[in-house]
Each structure stands twice: as C-alpha cells, then as structure tokens.
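All values reported here derive from a predicted model rather than from experimental measurement. In each ligand, atom 1 is the first atom listed, and ligand 1 is the first ligand listed.
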Amino acid sequence: MPDYEIYALKYAGPFVRTGAHLMWYQDWDKIEKIYYYFWCIKGASETVIVDAGVTPQLAMERELDGYVNPVEVLSRININADEVRHVVVTHMHFDHAGGVSLFPRATFYVQEDEYRFWLGDPVAGRPPFKYVSDAASIAYLASVEGTDRLVLLEGDQQILPGIQCLLSPGHTVALQTVAVNTDRGTAILGSDCAHVFRNYTEDWPSCLIVDLVGWMKTYDKLRERVSSPDLLFPGHDRLLLENYPEVAKDITRLV
Ligand SMILES: [Zn+2]
C-alpha cells in the first residue's frame, strides 16, 4: 500500500468568526480567526487534490480577504493545476467546490447523494442553501456528468490504492471525508465535519447542521477509522497553517 504526504494550502483569510460559528451554540462572546483551505495528497506516482478553493470571479463576488488563486498556491509546490488528474470534492459549499473549473483535466469525485441534492432538490434553492453554494461550480459539475470527469460515489469507496472516500453526513447531506495511508498510519482529511480541532476533541459540531444525529455518528466512524486522534484534521482551523512545518508560503505539511 503506498504512503502519501498531506499538505494544507491556505487560499483565503484570515476571517473573523464568532465562537458560536465554530462551536455550535457555545462561545457566543468569543471571536476567532479562521482560514479557507484546500489540501494536497502527494504520493510517489499520484497526486490528489481535496477540494478546489474558489475562482477569482467568485472570490470577488464574495469579497474574500487574503484571496490567492489556488492555481498560484499549487504552483509554489510545483503542481500545475492544468495537469491535476484527481480532485475530491468533499461537499458542495462554495468555499470547497467553487474552484472546480480551475482543474480542466481533472476527474471529480463527489458523493452521489450530495451531487443530487444540490442539482435536484428544490430545498437546495432555498435561501440558507443558496447562500452557502455557488451556481457556477454546480453548473460546471453538471456539465461533466456522464463523462469520465465525474465519478459519483455511493458511500465509502477507494479511489486509488491507499485513498478512500468516507461518507460522513451531518454538515451537508452527504459530505465525504478522505482516509489516507501515511507513514504514521491512516490520516483523515475531515473537511467541515469539524471547522476546528476542538469540534473533535470536545465532541461538539460546528455550524450549518443538516443532520445533528448523523453528524455525531460520523464522529464515531472517523474516530474508529483514524490511526490516532491527531491525524484527524478539521476544515478551517488556523492551526493547520500555524502549527505545522511550512514548506512554501501558505502551505504546510500535515503528515
Ligand atoms: Zn468550509
């Protein structure tokens, strides 16, 4: 089984959030700093990008402070976005799926239930869902449906040797996390199953809950699967940038 290295790439921020955004219904009076990230899983022969950041156009519309085009961030570790073959979309919120068009030759891996919700469920067009999604990236993914550039996954599925997508609902209908074989065992890129490490350590979710019961069961599943608790990574914690060795500007090595 191949071993992979995992990198966190910051593409926007810092943003200031109230504590209650990061720890659901707690910490109303606290303020914390977060970042927007995507991730890179690098093996001897394969590179997999996890989430896509956002396009310059979307960054402008959303007025994202500190935005750098993900294509530019990737070039700092000698990865050409044009040549990326595999992109896992953990969920279809704008800050994770908004940059899919930046990877013109990639195959995208999305959970089928997540994809169908955003494309087909009328609820996805209601204000709270519209607010967190991006029509252009949804349309882009729709345009590649039926080709080999879109793989719709049904539950837990290995996409390459040593890399498995895990159905992890709670934050969205069918968010997926990514279990990765590393030299320290199985690490999990958990995306927004947790915004910050504290969500895992205190067994308490963050915000935008579509299924609280499902979310808690997802925590059980991820803890059972990961080789050690410190290999379970959240989606927006400033510590991903601040507590790990920096390999290039805005890029740290997690494992
Ligand atoms: Zn997010």
Derivation and outcome, side chain to side chain contact (heavy atoms under 4.5 Å, CB included), residues Met92 and Leu141: CA-CA 10 Å; Met92 288 171 63; Leu141 289 173; 3.9 Å; yes
Side chain to side chain donor-acceptor pair (under 3.5 Å) involving Arg149 - partner list, sequence neighbours excluded: Tyr140
Check: Leu240 main-chain N/O paired with Thr252 side-chain donor or acceptor under 3.5 Å: yes
Shell of protein N/O/S atoms around the Zn ion (ligand 1), taken as anything under 2.8 Å: Asp95 OD2, His96 NE2, Asp192 OD2, His236 NE2
All side-chain contact (heavy atoms from CB on, under 4.5 Å) counterparts of Thr55, not counting sequence neighbours: Gln57, Leu58, Ser101, Leu102
Can I get a per-line list of side-chain donor-acceptor pairs under 3.5 Å for residues 120-131, giving both atom names and the distance, sequence neighbours left out?
from: Asp121; atom 1: OD1; to: Val123; atom 2: N; distance (Å): 2.9

Heavy-atom pair of closest approach, residues Arg62 and Ser133: NH2-O, 3.0 Å
